[in-house]
Amino acid sequence: MAADEVVGEPERLKSLIISTAQELWENKDALRKFLGVVRRSEGFVKLADALEQSDVRPANATFFGVKSTEFQS
């Protein structure tokens with residue numbers, strides 16, 4: 001079984017959310033709007049809140065315990 005098959009959809013979404021937040025970090029208005037959309041998704045409210053309240057750019061998704069590295073550079 002390939003590693004991609006083991007990692008669930010929520011892990012991929014968390015990784016994508018964190019990677020997108022990293023890219024939008026300098027554009028606070030776009031970041032705020034993006035995280036507002038993320039909050040509408042069941043299960044990602046706490047992640048969006050944590051990213052928005054942070055004073056520093058998010059670390060790699062693995063720092064947040066995400067197992068998927070699909071969207072990391």
- Note on the structure: Closest non-hydrogen atoms of Leu24 and Phe34, given as atom of the first, atom of the second and distance, are CD1-CB, 3.7 Å
- Sub-4.5 Å side-chain heavy-atom contact between Leu51 and Val38: no
- Euclidean distance, Lys28 NZ relative to Glu52 CD, rounded to 0.5 Å: 9.5 Å
- Task: Give, for atom CZ of Arg32 and atom CG of Asn27, the distance between the pair rounded to the nearest 0.5 Å.
- Result: 10.0 Å
- Task: Compare every heavy atom of Pro58 with every heavy atom of Ile18, then report the nearest pair and how far apart it is.
- Result: CG2-CB, 4.2 Å
For a quick test of your reading: what N or O donor-acceptor pairs under 3.5 Å do the side chains of residues 42-49 make, sequence neighbours left out?
from: Asp49; atom 1: OD1; to: Arg39; atom 2: NE; distance (Å): 2.6
from: Asp49; atom 1: OD1; to: Arg39; atom 2: NH2; distance (Å): 3.2

- Item | Donor-acceptor pair, side chain of Thr20 and main chain of Leu16, under 3.5 angstrom | yes
- Atom pair CG (Leu35) and NZ (Lys33), whose distance is rounded to the nearest 0.5 Å: 12.5 Å
